[in-house]
S.K.: 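There's a structure below that I have some questions on.
Letters go in sequence order (proteins before strands), and every chain restarts at 1.
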Protein chains: 2
Amino acid sequence: MASDIIRSVIGRRTGIALWRQIADAIRAGISSGLGDESGRLPPEMELAEQFGVNRHTVRSAISALVSEGILRAEQGRGTFIIKPERLTYPISKRTRFSATLAEQGQRGESRIMSHGINPAPEDVARALALSPGAPVLQVRSVGFGDNTPISRATAWFDNERFPEMLPHLLRFNSVTKAFAASGLDDYVRVSTLVEAYHATLDDIEILRLAPGSIVLVTYAINADLDGKPVQYSKTRFSADRVSLQIEQDPHQPED
Amino acid sequence: MASDIIRSVIGRRTGIALWRQIADAIRAGISSGLGDESGRLPPEMELAEQFGVNRHTVRSAISALVSEGILRAEQGRGTFIIKPERLTYPISKRTRFSATLAEQGQRGESRIMSHGINPAPEDVARALALSPGAPVLQVRSVGFGDNTPISRATAWFDNERFPEMLPHLLRFNSVTKAFAASGLDDYVRVSTLVEAYHATLDDIEILRLAPGSIVLVTYAINADLDGKPVQYSKTRFSADRVSLQIEQDPHQPED
DNA sequence: TACGGTTGTCTATATAAATAGACAAATATT
DNA sequence: AATATTTGTCTATTTATATAGACAACCGTA
């Protein structure tokens, strides 16, 4: 009885293998209370019945989740959930994790993977209110939580206005501190665009995702207090591992 | 040569059929410039070569997109793109489409599918700051743009405070006007949580999606100017058809 | 009208996914 | 020690995916 959490019935002839649909359903079900207090999943036979498939199909799904590091199977005992949590990322006017560069405190960390100074592509120039081709600093980074990759980001900065941004970033590993060292004491998030896509092969490799996983993609603009854009970043989050929490600063006076 | 837009190489033995991966890649590629000025896709043979698969596999993908209404194949001429656009949904302090109930103006429209007064489930009670089990009005609706379904939503309202909400909603087909008629002149969005999932069978049916599609899910809370929550809604958007645009009201005074 | 380029249809074969059944191996309980 | 429960492994069969090749049907143009 128990787990009627499996409401997401699965379809056939969809181009998505049943075992993968079931793996996705189990992964999703974990956060919504699949499994008992001890983190034990219902036995394979029961799951097979719930999903209306053969036991071997469920086993394929579980096997995939085991190699993802989400489940652990113990012969004779059962199958257990390893990591139930989902990180919540705040996005507000004062969002500071922005390019997922550091300062997440607690369990967060981020690493700069590569950087360079290039002429601004069209979309970057538009976002930063620069003329196309103007020199911009581009920084790629990967954000981690509990040693698992959570997000990967590319951030751009106006190289004319912030010529010393890169050394500051490398030194402080914090956008806020790097801006401060560049003479910008405060900045605010002015715009965030959210989209969702299937993971690319790069996503799968870098974020250690399962094929067919989903990524949340954000396009964010930070500006100084005059409204002039100072940072543009594109970030790809593992949708399995994060929620984006958008706060609208409720208790402020109305305009 | 042209379309090296196909960067998203496809993987095998992933549990996702090649034809579906290719369909997803083409669907995604459309918005980023796949196809020439006239909206014509590269010929099947060329696509097959680009993706490194057999022509028949590409044909399966195209056939799926044709029945999705995204492509149109004409014998002897080529395959053409039907709908390139993607709707942008704003989410800000003053977001009013909220439960995707109406007032989107322009080309937007929404229809109430069902409604009822029930005891509040735990998450709804928490969001509305009510005691669990308190009576709440629940309204399900589907939002349309250009006659294609864009989103489906469930909204909850405190039935004690707004006992006449339902008739007002049915009459005005607008949350804002229904609140106004209930004596609440203004309200603001205080919180929006964004997640992404694979489409369920319900999503596929109601939003007319392809199996394996992605949905953006938002959990939103609107509150009156005292900060008391007045509406909680869960909305599921077709990720192929919308971007969520989050504005943080940049030009306001700091706190 | 003839031709190159394109989509549509057919047959055949190989590989991956799914079902079915049986039994071994480990675990916990009686 | 015996038993029921659960995961692990094996064989066999069917269905869905993917590849391969050939040719018909249709379009635009030379």
S.K.: Output every pair passing salt bridge (charged side-chain N to carboxylate O under 4.0 Å, His left out) with a member in residues 50-65 of chain B, not counting sequence neighbours, ordered by first then second residue.
M.R.: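 Sorted result for residues 50-65 of chain B: B:Glu44-B:Arg55, B:Glu44-B:Arg59.
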S.K.: Closest-nucleotide mapping onto DNA chain D: is B:Ala17 or A:Met45 further toward the 5' terminus? I mean the 5' end.
M.R.: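 On the 5' side of the pair lies A:Met45.
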S.K.: Would B:Arg152 and B:Asp203 satisfy salt bridge (charged side-chain N to carboxylate O under 4.0 Å, His left out), going step by step from the backbone distance to the final call?
M.R.: CA-CA 8 Å; B:Arg152 63 196 197 97; B:Asp203 293 328; 2.8 Å; yes
S.K.: Starting from the 5' end of DNA chain D, give me the residue, A:Leu41 or B:Gly52, whose nearest nucleotide shows up first.
M.R.: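 The residue mapped nearer the 5' terminus is A:Leu41.
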S.K.: Expressed as a whole number of angstroms, how long is the span from B:Leu47:CG to C:dT6:P?
M.R.: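 After rounding, the reported distance stands at 11 Å.
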S.K.: In whole Å, what is the span from the CZ atom of A:Phe51 to the P atom of C:dA18?
M.R.: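 After rounding, the gap between these two atoms is 13 Å.
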S.K.: I need the full list of side-chain hydrogen bond (donor to acceptor under 3.5 Å, both in side chains) pairs touching residues 205-217 of chain B, with sequence neighbours left out, sorted by first then second residue.
M.R.: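 Output for this query is empty, none listed.
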S.K.: State which residues pass salt bridge (charged side-chain N to carboxylate O under 4.0 Å, His left out) with A:Arg77; sequence neighbours excluded, sorted by chain then number.
M.R.: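 Partners of A:Arg77 by the salt bridge (charged side-chain N to carboxylate O under 4.0 Å, His left out) criterion, ordered by chain and then number, come out as A:Glu74.
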S.K.: What integer distance in Å separates A:Glu44:CD from C:dA18:C1'?
M.R.: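 Value for this atom pair: 15 Å.
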S.K.: Using the side chain to side chain contact (heavy atoms under 4.5 Å, CB included) rule, take B:Ile70 and B:Arg27 through it: C-alpha gap first, then chi angles, then the decisive distance, then the call.
M.R.: CA-CA 8 Å; B:Ile70 292 178; B:Arg27 201 191 299 107; 3.6 Å; yes
S.K.: Which is the 5'-most and which the 3'-most nucleotide of DNA chain D that has an atom under 4.0 Å from a heavy atom of chain B?
M.R.: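 It runs D:dT17 to D:dG28.
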S.K.: Taking only residues two or more places apart in sequence or in another chain, which ones pass side-chain hydrogen bond (donor to acceptor under 3.5 Å, both in side chains) with A:Ser114?
M.R.: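 Expected list: none.
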S.K.: By side chain to side chain contact (heavy atoms under 4.5 Å, CB included), which residues pair with A:Thr14, not counting sequence neighbours?
M.R.: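 With neighbours one apart ignored, the set is A:Ile16, A:Gln21, B:Pro211.
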S.K.: Distances under 3.5 Å between protein N/O atoms and the N/O atoms of nucleotides 1-5 of chain C, please, pair by pair.
M.R.:
from, atom 1, to, atom 2, distance (Å)
C:dG5, N2, B:Gly76, O, 3.3

S.K.: Grab the CD1-C1' distance between B:Ile16 and C:dA16 for me, whole Å please.
M.R.: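 So the CD1-C1' distance, B:Ile16 to C:dA16, works out to 15 Å.
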S.K.: Whole Å only: how far is the CG atom of A:Leu18 from the P atom of C:dA16?
M.R.: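 Answer to the nearest Å: 17 Å.
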S.K.: Identify, with sequence neighbours excluded, every residue that meets side chain to side chain contact (heavy atoms under 4.5 Å, CB included) alongside A:Ala23.
M.R.: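 Here the qualifying residues are A:Ala61, A:Leu65.
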S.K.: Please list every donor-acceptor pair under 3.5 Å in which a side-chain atom of residues 122-139 of chain B meets a protein atom from a residue at least two apart or in another chain.
M.R.:
from, atom 1, to, atom 2, distance (Å)
B:Asp123, OD2, B:Lys234, NZ, 2.9
B:Gln138, OE1, B:Trp156, NE1, 3.2

S.K.: Which residues, if any, of residues 57-66 of chain B bring a heavy atom under 4.0 Å of DNA chain C?
M.R.: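 Close to the strand are B:Arg59.
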S.K.: Who are the side chain to side chain contact (heavy atoms under 4.5 Å, CB included) partners of A:Thr79, not counting sequence neighbours?
M.R.: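 For A:Thr79, the residues satisfying side chain to side chain contact (heavy atoms under 4.5 Å, CB included) (neighbours in sequence not counted) are A:Leu41, A:Ile62, A:Leu71, A:Ala73.
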S.K.: The criterion is side-chain hydrogen bond (donor to acceptor under 3.5 Å, both in side chains); which residues satisfy it with A:Gln75, sequence neighbours excluded?
M.R.: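 A:Gln75 satisfies side-chain hydrogen bond (donor to acceptor under 3.5 Å, both in side chains) with no other residue.
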